[in-house]
Amino acid sequence: MQRIIYDDDHESFRSSVHGFVEKCLRPRHDEMLRAHAIPRDVWRQAGAQGLLGLGIPEEFGGAGADDFRFNAILAEEVAAFSLGVSACLSIHSDVCSPYLVELGTSHQKRRWLPGMATGELVCSIAMTEPSGGSDLASLKTTARRDGDDWIINGAKTFITNGYGCDLAIVAARTTPDARAKGITLFVVEDGTDGFTRGRKLDKVGQDEADTAELFFDDVRVPDADRLGGLDRGFSEMMRLLPQERLATSVTSSGNAAQILGETIEYAKERQAFGQKIGSFQYNKFMLAELVTKIEVTQTFLDRCVMAHVRGEFSAIDAAKLKWWSAEIQNEVLDHCVQLHGGYGYMNEYRVARAWRDARVSKIWGGSNEIMKELIGRDLGF
Ligand SMILES: Cc1cc2nc3c(=O)[nH]c(=O)nc-3n(C[C@H](O)[C@H](O)[C@H](O)COP(=O)(O)OP(=O)(O)OC[C@H]3O[C@@H](n4cnc5c(N)ncnc54)[C@H](O)[C@@H]3O)c2cc1C
């Protein structure tokens, strides 16, 4: 089905992103897989092409696009190449930038946004802790007031861009025992005394992505580096999470659509019992179901993108989209592996990597169970 939300400007942007993927990302893929990181010069190339500051106002060095369709195209095209790379770029641009744009003081915006747009500053967001991520209101990292400063103590884990980031947006408890009403956000800069990283975590998939533990041992930050209101962190995170969930869903769907397309080509080439494997009725029907599921998902996704552009995208719609697109992605990729037979289990085949990369979609950014919990609550249960 023809997608109807993108006009000529968007499609020409898609071509330029495609060019960036082919010229700057694909030739460096092996290096990223080995380093578990996107090289710094690649971040700067993305910045130079205007890909890191889509939602950042022009006065702070961004494109001031204020049209999430451009973000969606970027996420979709990069995810078609690699889910891990798109995760790193998307956390920086679609997740972290809005916190600074929406909550930052003018001084904070001037200080950090231009570097984020050029790729000189890479940003992470640290909510999850070793003791739990789903129950965000119970987080244990503390920030204690000390004169004009705050002293942060605690640990975060599974943080995308964590090992190499220059800035971390950190959620910390500022009022004990107040659960959701006692959490505040801070920006912690690389090099601040007491702020250290653990190892790069050894993941099942997404080898390109830098995912790390962060430690805070009496980290002193000035009150000027507090982001948003005191004890308002939880409600700010809830307000901004729908965009994160939308971006994640775009990558899930874009990645699965691409790998399914490649698998259909494979099923036209590969022969068994003297015929193309895709022509066995079982496989033909299965592929028919998978392309249908992808198109139906894309249609809902596009509706959600437009709702977000209009400022009408709800947290509940974000929850529906996120679990659904993660589920479909995993279902599609599992069948794609099966259709590749033994080759589908070999890391040198894209389908194998994509299958490993996709598993986390049902866990991160709010697990599928938490998404259904939110939807269920909205139904009145
Ligand atoms: C590769 C990767 C990258 C990530 N990047 C980031 C990042 O950049 N920043 C960040 O802050 N976090 C990040 N995360 C963390 C991620 O968001 C959490 O892993 C996720 O929120 C789940 O938290 P948890 O791992 O502590 O699981 P838990 O909260 O311990 O949950 C364990 C299981 O219990 C289920 N469960 C929990 N509560 C309920 C309930 N009420 N009803 C039913 N089931 C429930 C969960 O769904 C899950 O299946 C990342 C994780 C991964 C793996």
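Small disclaimer: the values here were computed from a predicted structure and weren't measured. Both counts, for ligands and for their atoms, begin at 1 and track the order of listing. What's counted below: heavy atoms across the whole structure, side chains too, no hydrogens, waters or symmetry copies.
By the 3.5 Å distance cut-off applied to N or O atoms, Thr160 is counted among the residues near ligand 1. An N or O contact shorter than 3.5 Å links Ser367 to ligand 1 by distance.
Counting protein heavy atoms under 4.0 angstrom from atom 5 (N) of ligand 1 gives one or more. At a distance under 4.0 Å, no protein heavy atom can be found next to atom 35 (C) of ligand 1. Within a 4.0 Å radius of atom 2 (C) of ligand 1, the protein contributes at least one heavy atom. When distances from atom 46 (C) of ligand 1 to the protein are checked, a heavy atom turns up under 4.0 Å.
Taking 4.0 Å as the cut-off between side-chain N and carboxylate O, Asp317 and Arg245 do not count as a salt-bridged pair. Using a cutoff of 4.0 Å between basic side-chain nitrogens and carboxylate oxygens, Asp9 and Arg14 are not scored as salt-bridged. Salt bridge status for Arg220 with Asp146: present, with a side-chain N to carboxylate O gap under 4.0 Å. Of the charged side-chain nitrogens involved, at least one lies within less than 4.0 Å of a carboxylate oxygen, so that Arg3 and Glu76 count as a salt-bridged pair. Note on Glu369 versus Lys372: no salt bridge recorded, every NZ/NE/NH1/NH2 to OD/OE distance being 4.0 Å or above. With respect to Arg28 and Glu31, a salt bridge is recorded, a charged nitrogen being found less than 4.0 Å from a carboxylate O. In summary, Glu213 and Lys156 do not engage in a salt bridge, as defined by a charged side-chain N under 4.0 Å from a carboxylate O. Taking the charged nitrogens against the carboxylate oxygens, Lys276 and Glu269 have no contact shorter than 4.0 Å, which rules out a salt bridge.
In this structure, the ring of Phe195 has its center less than 6.0 angstrom from the ring center of Phe216.
Using a 4.5 Å heavy-atom threshold, the side chains of Val170 and Leu185 count as separate.
Of the protein's heavy atoms, Ile363 O, 3.5 Å lies nearest to atom 20 (C) of ligand 1. Closest protein heavy atom to atom 30 (O) of ligand 1: Gly132 CA, 4.6 Å. Scanning the protein for heavy atoms near atom 50 (C) of ligand 1, the closest one is Phe158 O, 3.1 Å. Scanning all protein heavy atoms for the shortest distance to atom 38 (N) of ligand 1 gives Ile370 CD1, 3.6 Å. Remark: minimum distance from atom 48 (C) of ligand 1 to any protein heavy atom is reached at Glu369 OE1, 4.2 Å.
When only modelled atom types and interatomic distance are considered, Asn153 and Thr142 share no side-chain donor-acceptor pair under 3.5 Å.
Residue-environment remark: NE2 (His18) stays at or below the threshold of 12 foreign heavy atoms within 6.0 Å.
Those atoms of ligand 1 that come under 4.0 Å of a heavy atom in Gly133, given as number and element, are 21 (O), 23 (O), 24 (P), 26 (O), 29 (O). Numbered from 1 in the order shown, with element, the atoms of ligand 1 that lie under 4.0 Å from a heavy atom of Val360 read 1 (C), 52 (C), 53 (C). Heavy-atom contacts of Ile125 reach the following atoms of ligand 1: 7 (C), 8 (O), 9 (N), 10 (C), 11 (O) (cutoff under 4.0 Å). For ligand 1 and Gly365, the ligand atoms under 4.0 Å from any heavy atom of the residue are 17 (O). Proximity to Ile159 (heavy-atom distance under 4.0 Å) selects the following atoms of ligand 1: 7 (C), 8 (O), 9 (N), 10 (C), 11 (O).
At a 4.0 Å heavy-atom cut-off, ligand 1 touches Ser134 through backbone and side chain alike. Contact annotation: for Thr128 versus ligand 1, heavy atoms closer than 4.0 Å belong to both the backbone and the side chain.
By the 4.0 Å heavy-atom criterion, Ser124 is excluded from the residues contacting ligand 1.
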